[in-house]
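Letters A, B, ... are given to chains in the order of the sequence lines, protein chains preceding strands, and every chain is numbered from 1.
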Amino acid sequence: MEELGKRAMAGDVRAASRLIRNMEDNMPGTEAAIKHIFPFTGKAHVIGITGSPGAGKSTLTDEMIASYRNKDKTVGVMAVDPTSPFTGGALLGDRIRMQRHAEDTGVFVRSMATRGAMGGLSKAVGDGIHVLDVMGKDVIIVETVGVGQQEVEIINHAHTIIVVLVPGMGDEVQALKAGLMEIADIFVINKADREGAARLHKETLSMLQMGKFENGWIPPIVSVESVSEPISFAQSVGVLTDKIDEHYQYLIKSNILATRSHRKATAEIYESLRAAILAPILDDLAANGELELMVQKIMKRELDPYSLAELVAEKYLISHDCLKV
Amino acid sequence: MGNKPMRVLLAKTGLDSHDRGIRLVARGLRDECGMEVIFTGLYRSLEEIVEAALQEDVDIVGLGVHTGREMELFPRLRELLDARDAQDIILIGGGVMPQMHRTSLKESGLVMEIFGPGSSVRTIAEVLRQVITAKQTGIDAL
Ligand SMILES: Nc1nc2c(ncn2[C@@H]2O[C@H](COP(=O)(O)OP(=O)(O)OP(=O)(O)O)[C@@H](O)[C@H]2O)c(=O)[nH]1
Ligand SMILES: [Mg+2]
């Protein structure tokens with residue numbers, strides 16, 4: 001597995017994609033590869049792009065790839081789509097919009113399904129970013145649908161977060177609800193050909209005027225022209241990538257980058273502990289039938305969840321050794 | 001933990017603009033088989049399809065052909081995959097083609113199975129499941 005890590009670092013596409021797959025699948029031995037590549041990560045500029053379903057995120061990502069290629073930057077993309085909760089399958093449709101870059105060796109696009117619950121997605125995305133990072137991609141774009149908590153968690157992995165809004169979808173309310181307003185570094189008003197684009201721009205602006213921006217960066221609003229007008233579309237996306245770069249420079253200069261790295265490191269610790277400790281405990285409890293027993297007892301009020309947690313901790317976790325980091 | 005869905009790339013190449021069937025199959029594989037399905041969209045070159053298959057690390061590539069070019073496209077696709085060390089990626093086909101061509105493609109081992117119009121998604125799912133089980137028992141050399 002370490003071998004896969006080495007080959008991915010040398011730019012081997014097959015090794016990189018297999019490594020991401022093994023991470024998603026929780027293949028035994030994958031940790032070895034992550035351990036191997038981790039010291040070399042942290043070089044890429046990670047951009048998160050989120051917004052409601054069908055907002056035009058993939059179409060935008062495609063043009064952003066082109067824009068960064070014009071600036072001589074290499075690009076990695078992770079496009080996340082939901083897994084069907086009923087069948088465990090997924091239709092990963094983002095790639096269709098990015099196919100024109102398929103043969104450009106400076107571009108690597110990987111689709112990812114959300115799969116199970118329990119923060120596993122965020123971990124898989126984080127690991128995937130590490131792989132694209134050590135492949136040497138300068139810019140990594142992560143596309144997610146901005147609807148649930150999981151998606152907001154992914155934000156922890158990004159330096160610059162773009163929230164895509166579209167006229168006529170009630171986005172303003174939706175974005176507020178999902179807590180997206182707070183996390184955005186840049187707003188995009190997409191599909192300028194749609195009625196209501198100007199109004200949405202105004203509404204977003206007035207919403208921003210009510211906000212407090214402690215770190216000094218006031219999120220700009222970028223209007224992106226319709227994809228049906230290729231030239232002005234490309235131009236406005238050029239404006240967007242300039243703004244993104246400006247934000248990254250700001251992060252570096254103002255030392256906010258350190259704060260974000262701190263947040264990211266914290267999230268990574270949570271995720272790896274959850275995977276290494278909580279998940280095996282739950283698996284074990286489920287396998288030996290104790291989980292079901294606990295559920296029964298809680299339903300009958302013979303036990304409360306807090307005492308139960310103490311019992312579980314006693315069984316699995318109590319140790320008197322100090323942690324040596 | 002431990003769910004490992006198979007990944008499938010469905011592709012169309014050239015000027016062939018029939019995508020109703022392949023989109024139905026994509027949906028079916030998600031819903032009947034719990035697979036992760038990536039569709040390339042129409043008008044892709046074989047080189048683009050190979051690149052997508054590698055970047056997505058799929059187990060199976062399904063190519064739909066409605067233009068009568070199957071005897072040229074499948075061998076070429078296999079050749080391109082093999083040249084990239086992707087001998088393990090399985091090819092399946094779909095579309096209208098003469099029985100003689102199907103038999104020849106299958107017997108030469110280039111294509112694992114070819115599904116004509118009217119194949120039920122359930123049948124396709126069943127065959128893929130078998131193909132994959134066979135593959136998993138012989139896994140995993142990369
Ligand atoms: N009118 C109009 N339609 C657009 C524009 N940009 C994208 N679309 C269309 O919007 C639809 C969705 O585009 P995508 O790029 O797939 O949107 P997405 O946000 O990635 O969608 P999901 O990943 O499914 O959530 C497609 O039919 C696009 O052609 C635009 O500027 N104007
Ligand atoms: Mg998309």
Side-chain angles (χ1 to χ4, degrees), chain A residues 1 3-4 7 12-22 24-28 76-79 81-84 86-105 107-118 120 132 135 275 278-280 282-283 286, chain B residues 1-13 19 22-59 80-81 83-89 121 125 128-129 136 139-142:
Chain A
M1 214 57 102
E3 180 61 26
L4 275 186
R7 282 169 51 198
D12 180 334
V13 169
R14 271 228 102 185
S17 57
R18 178 57 54 86
L19 192 51
I20 295 174
R21 172 102 183 254
N22 288 347
E24 284 185 286
D25 287 349
N26 278 310
M27 280 278 276
V77 175
M78 293 242 294
D81 274 322
T83 291
S84 154
F86 304 109
T87 67
L91 275 184
L92 307 172
D94 300 316
R95 191 183 186 97
I96 298 179
R97 317 237 175 256
M98 308 176 200
Q99 270 301 111
R100 68 170 153 149
H101 306 289
E103 281 192 89
D104 178 351
T105 52
V107 178
F108 182 98
V109 177
R110 179 60 154 73
S111 313
M112 188 175 267
T114 52
R115 299 209 182 166
M118 279 204 23
L132 299 183
M135 283 178 87
L278 184 57
L282 284 173
D283 284 349
Chain B
M1 301 265 124
N3 60 332
K4 301 176 175 47
M6 284 292 142
R7 290 170 67 87
V8 183
L9 184 82
L10 297 181
K12 297 284 292 189
T13 187
D19 66 347
I22 204 161
R23 283 178 187 275
L24 271 177
V25 172
R27 205 151 294 237
L29 294 181
R30 174 190 65 185
D31 294 339
E32 309 268 336
C33 284
M35 291 181 176
E36 291 179 358
V37 186
I38 300 133
F39 179 45
T40 60
L42 293 166
Y43 318 124
R44 303 335 317 184
S45 73
L46 293 181
E47 286 79 4
E48 287 171 341
I49 293 167
V50 168
E51 212 49 57
L54 297 180
Q55 294 184 8
E56 299 288 355
D57 193 32
V58 293
D59 303 285
L80 288 168
L81 281 168
R84 298 293 301 274
D85 253 352
Q87 286 86 354
D88 57 311
I89 296 180
V121 170
L128 290 195
R129 231 179 262 131
Q136 275 174 333
I139 237 168
D140 192 47
L142 191 90

Peer 1: If every non-hydrogen atom of B/Glu51 is compared with every non-hydrogen atom of A/Ala102, which pair is closest and at what distance?
Peer 2: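 Nearest heavy atoms, B/Glu51 then A/Ala102: CG-O, 2.8 Å.
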Peer 1: Tell me, for B/Leu9 versus chain A, whether the close heavy atoms (under 4.5 Å) come from the side chain, the backbone, both or neither.
Peer 2: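 Looking at B/Leu9, nothing touches chain A.
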Peer 1: What are the two closest non-hydrogen atoms of A/Ser17 and B/Leu54, and how far apart are they?
Peer 2: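 Reported closest heavy-atom pair: OG-O, 2.6 Å.
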Peer 1: Any chance you could measure B/Phe39, atom CZ, to A/Leu91, atom CG, to the nearest 0.5 Å?
Peer 2: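 One gets 10.5 Å once the value is rounded to the nearest 0.5 Å.
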Peer 1: Nearest 0.5 Å, please: how far is CE in B/Met35 from OG1 in A/Thr87?
Peer 2: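 Going from the OG1 atom of A/Thr87 to the CE atom of B/Met35 covers 11.0 Å.
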Peer 1: Are any side-chain N or O atoms of A/Arg14 and backbone N or O atoms of B/Asp85, one a donor and one an acceptor, separated by less than 3.5 Å?
Peer 2: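 At least one qualifying donor-acceptor pair exists.
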Peer 1: Find the distance between CD (B/Glu56) and CZ (A/Arg21) and round it off to the nearest 0.5 Å.
Peer 2: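 If I round to the nearest 0.5 Å, the distance is 10.5 Å.
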Peer 1: Nearest 0.5 Å please: distance from the CZ atom of A/Arg110 over to the CD1 atom of B/Ile38.
Peer 2: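 Answer rounded to 0.5 Å: 7.0 Å.
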Peer 1: For the residue pair B/Glu36 and A/Leu92, what are the closest heavy atoms and their distance?
Peer 2: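 So the minimum-distance heavy-atom pair works out to CB-CD1, 4.2 Å.
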Peer 1: Give a yes or no answer on whether the side chain of B/Gln55 reaches the backbone of A/Val109 with a donor-acceptor pair at less than 3.5 Å.
Peer 2: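 At least one qualifying donor-acceptor pair exists.
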Peer 1: Is chain A contacted by the side chain of B/Ala53, its backbone, both, or neither, given a heavy-atom distance below 4.5 Å?
Peer 2: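 B/Ala53 has no heavy atom closer than 4.5 Å to chain A.
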Peer 1: Enter the distance from B/Glu48:CD to A/Glu103:CD here, rounded to the nearest 0.5 Å.
Peer 2: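 So the CD of B/Glu48 and the CD of A/Glu103 are separated by 5.5 Å.
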Peer 1: Taking A/Asp25 first and then B/Arg7, would you say they form a salt bridge - that is, a charged N and a carboxylate O separated by under 4.0 Å?
Peer 2: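 Salt bridge absent between A/Asp25 and B/Arg7.
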Peer 1: Is A/Val107 in contact with chain B via its backbone, its side chain, both, or neither, using a 4.5 Å heavy-atom distance?
Peer 2: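 Contact with chain B: backbone only.
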